[in-house]
Amino acid sequence: MKDGKSPISRRRFLQTSMAAAAVGAGIQSPLVKGLVPGANAAGSRPDKDITSHYTACDMCFNRCGMIARKKNGVIKKLDPNPNCRKSRGMICAKGNAGIQHVYNPDRLKHPLKRKGKRGEGKWERISWEEALDHTAEQMQKIADEYSRCGIMFTPGVDAQSRFVEMFAEVFGSYNFTNHESLCLLSRNRAYLDTFGEVPTADVLHSRYIIIAGSNPLEAIMTPDTPDLVEARKNGCKVVVLDPRFTKTAALADEWHQIKPGTDMAFFLAMCHEIVKGERFCCPDNTHGYDKFVEHIKDYTPEWAEKECGIPAEDIKRISKEITEAAPRAMVYPGRRSSDYKQSTQIRRAMAIANVLLDNWDRPGGLMATREVGVRGWDYSPPFYPENPPDRADADQVPGLFSDIGSFQLLREAIIKQEPYPIRGWFSFKTNFLQTGANRQKTIKMLENIDFFVNIDIMMSDTAWYADIVLPGNSFLEREDPVTALQGSSACACAFLRDPVIDNMFESRPPLWILQELAKRMDLEEHFDFTMDEYREAQLRDLEGALEIMRQDGIYFNPSQAYGIYAGDPLKTLSGVKEIYNQRYEQWGIEPMPVYNPPQMPDKDEFRLIVGRPAYFTQSRTNNELLTEFMEENTLHMNPDAAQRLGLEDGDLVEVESSSGKGRLRLEIDGGIEKQTVYMVTGFGSLSPQMSQIYQKGASIAEIQEDAYDEICANMAMHETFVNVRKVS
Ligand SMILES: Nc1nc2c(c(=O)[nH]1)N[C@H]1C(S)=C(S)[C@@H](COP(=O)(O)OP(=O)(O)OC[C@H]3O[C@@H](n4cnc5c(=O)[nH]c(N)nc54)[C@H](O)[C@@H]3O)O[C@H]1N2
Ligand SMILES: Nc1nc2c(c(=O)[nH]1)N[C@H]1C(S)=C(S)[C@@H](COP(=O)(O)OP(=O)(O)OC[C@H]3O[C@@H](n4cnc5c(=O)[nH]c(N)nc54)[C@H](O)[C@@H]3O)O[C@H]1N2
Ligand code: SF4
Ligand SMILES: [Mo]
């Protein structure tokens, strides 16, 4: 590390990550054993100087089981934990590159205080003592001058984010939000409002899967990604609807290039066909079946063809085939649904199709929440009578999640300083300046923020705009609480992390930072616990689980997988599956999905959509082992469209929306719909300290317009229309 280079060579990294990617394809591949000698791998390496440490990957939210190999105090390699059924004994390329996450020369090394203007990049090194004193003082000042709700808290996906949530509550702010309003809330809304909870998908045992608005072969989800490959081998039919020819489309039996934003037409027509076929009949355990039959009368496949571009004959055939395979069949619920203003209703149409397939709580269908047994920590946050009555983003959309709200609505509230002032921002492990649509608006929001503290592992674009930047430690340096995980039929499991190496530089864990702040704000009593005490409370109902975690790196609860409800009422208002949603009726919105064509780009415009490559997580692109796969992002465009504009592959183009613009190279892509363009997230960095991505490609957040779902205010990224022109 002395020369600033990582201790693993790139060539060796590529070899190992390829091997691991191959492992992902098969479930009990001999490669797993090749990578990890011995089932219980701890201590079984031939080189006696190498020690092995169980952990869980944190390069994305999947948290695949992992074993870190350490020699002379340095992590040399990350291997999959073969005991981890959730990840099917796999880690992906990003997981392998976790080593560069820890040993990245761009890591933040000590606390920093801004000296110049925001974004100017003038920093002063300060001690932790000064950083914590100053942060506590500023937060207290805002609480005193405005209210405790005057600070917005935004933690990212992390085993310790719960502590930030607790801190926000104890401090007294309701203005808490996280990545979820950029990600999956409209999907969650749709499934909660249909089945009473958000299911996992039993991909492995399914016989027919329609995947729409999801790309699990690149947007990796465990165990769904390896399970999809396995299910396909076992004869499961896979049908993909995507405006792009993705890797999932390549695996599928059928790919249909659907017109963006029209999925609801396809699924309503599919429901029409299923109902017409009368193979399925479920009036007993559903609410509103008869009304729905009437509702979809005119949503015929012939009608849908005109909207979504998929031939009526195909819609009829697919509907018949999937009904024959039901109940071991599904419309895959997917995950990210931050697409359209109507995403909740689009996903509702997909959820209702699942109702008609009668796959709820059954093998090969949608699985209900299983018992893991990890419990919470009991605490009682103080009540602050002087606080405003509610969140600043309350009441603006009917189906807002009251615990999470919406980043975009909070941003709006801060810009307007309505209904009350929010003057502070506490952020941990999120990068809204790269992941929140309309970056300039986020920068504008900062004009009204008096104090912004950011905890990151690197100088992200968001950290670059902070007043105080605190260096967080990485997952391999951490002592983390127990995390419970669900992974379809694969598992209901739990794991924890112990440090593999000491904190590098002056980096610190979130809990320590929060405890230090609590001490300085007279909130100490609420954070007066050790990690051991916390874990003990979490595991109070799981005797022996800790030992099992230590021995295998993971604990499985062999809890019931199917038939969990067994005739008991669902958690919906009616106690049954709600095709007709009663609460929507109360809210004054359509209780059943009504098709409205999406807003379309003008003749000379394109719709800009997002999606992921397999080798980056969100904006976490600043990793030398991964930029090897893609040095900068490109704008994908259909060849006919490019020809019309006189553009050639590799041309430098400017992409402009009403929000902003960016310059990047054109990539001609025969697999993308004609009026749609696509680019990868996480480039065009503002922060020069992100050395791999600074001045590389363009930031999509700069170009995306500020749209959100009409029901729950989840971000709607595909409502962005752009012009593209050649830069001469
Ligand atoms: N354009 C576009 N926008 C999107 C998406 C998209 O596909 N395209 N996807 C959306 C989705 S689905 C989601 S979930 C959100 C995600 O939105 P974010 O949560 O904002 O995304 P990340 O890029 O994961 O940001 C994580 C930040 O945490 C830092 N970090 C990583 N590890 C650690 C650590 O151990 N400690 C600390 N303190 N910091 C760490 C990283 O450096 C990075 O700055 O983005 C949404 N926004
Ligand atoms: N490698 C990698 N894996 C990841 C992540 C990552 O950043 N990188 N992030 C993780 C996270 S936080 C999430 S939320 C999940 C997201 O996983 P997914 O939900 O699978 O999300 P995306 O990759 O955004 O895939 C969405 C797909 O929908 C397509 N699409 C766009 N518009 C439409 C439309 O109107 N109709 C249809 N039918 N399709 C459309 C896009 O082209 C894209 O292929 O991935 C997780 N896994
Ligand atoms: S999918 Fe890849 S990056 Fe995500 S947790 Fe698993 S190994 Fe890590
Ligand atoms: Mo996400």
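First listed ligand is number 1; within each ligand, the first listed atom is number 1. Quick caveat: nothing in here was measured; it's all calculated off a predicted structure.
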Can you confirm whether the side chains of [X] and [Y] place a donor and an acceptor under 3.5 Å from each other?
X	Y	answer
Asn431	Thr462	yes
Ser657	Gln704	no
Gln408	Asp706	yes
Thr681	Ser619	no
Ser181	Ser406	no
Glu624	Thr627	no
Ser338	Arg336	yes

Are any of the N/O atoms in [X] less than 3.5 Å from those in ligand 1?
X	value
Asp456	yes
Arg612	yes
Gln434	no

Does some non-hydrogen atom of [X] fall short of 4.0 Å from ligand 1?
X	result
Met715	yes
Asn473	yes
Glu180	no

Give the residue and atom name of whichever protein heavy atom lies nearest to [atom], and the separation in Å to one decimal.
atom	value
atom 23 (O) of ligand 1	Ser619 OG, 2.5 Å
atom 24 (O) of ligand 1	Arg620 NE, 2.8 Å
atom 5 (C) of ligand 1	Met717 CE, 3.6 Å
atom 18 (P) of ligand 1	Thr435 OG1, 3.7 Å

Applying a heavy-atom cut-off of 4.0 Å, say which part of [X] lies close to ligand 1: side chain, backbone, both or neither.
X	answer
Ile700	side chain
Ser460	side chain
Phe428	side chain
Arg335	neither
Arg478	side chain
Arg336	side chain

Worksheet item: Could you state the interatomic distance from CD (Gln695) to CZ (Phe683), rounded to the nearest 0.5 Å?
Response: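 Those atoms lie 14.0 Å apart.
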Ionic contact status for [Y] with [X], cut-off 4.0 Å:
X	Y	answer
Arg478	Asp498	no
Asp58	Arg63	no
Arg439	Glu702	yes
Arg88	Asp227	yes

Can you tell which of [options] gets a heavy atom nearest to [atom]?
atom	options	result
atom 6 (C) of ligand 1	Thr462, Thr681, Ile703	Thr681
atom 39 (N) of ligand 1	Lys429, Gln160, Met59	Lys429
atom 15 (C) of ligand 1	Thr154, Leu182, Leu433, Thr617	Leu182
atom 16 (C) of ligand 1	Met690, Glu702, Arg107, Gln618	Gln618

Worksheet entry | ring-ring contact (aromatic ring centres under 6.0 Å, His included) between Phe527 and Phe167, intermediate numbers included | CA-CA 8 Å; Phe527 273 84; Phe167 190 89; 5.7 Å; yes
Item to complete: Kindly say whether Leu409 contributes a backbone atom to a donor-acceptor pair with the side chain of Arg411 at under 3.5 angstrom?
Response: no
Under a 4.0 angstrom heavy-atom cut-off, which atoms of ligand 3 come close to [X]?
X	answer
Ile220	1 (S)
Arg63	5 (S)
Cys57	3 (S), 5 (S), 7 (S), 8 (Fe)
Met59	3 (S)

Worksheet item: Do any N/O/S atoms of Cys92 come under 2.8 Å of atom 4 (Fe) of ligand 3?
Response: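 Cys92 does not place any N, O or S atom closer than 2.8 Å to atom 4 (Fe) of ligand 3.
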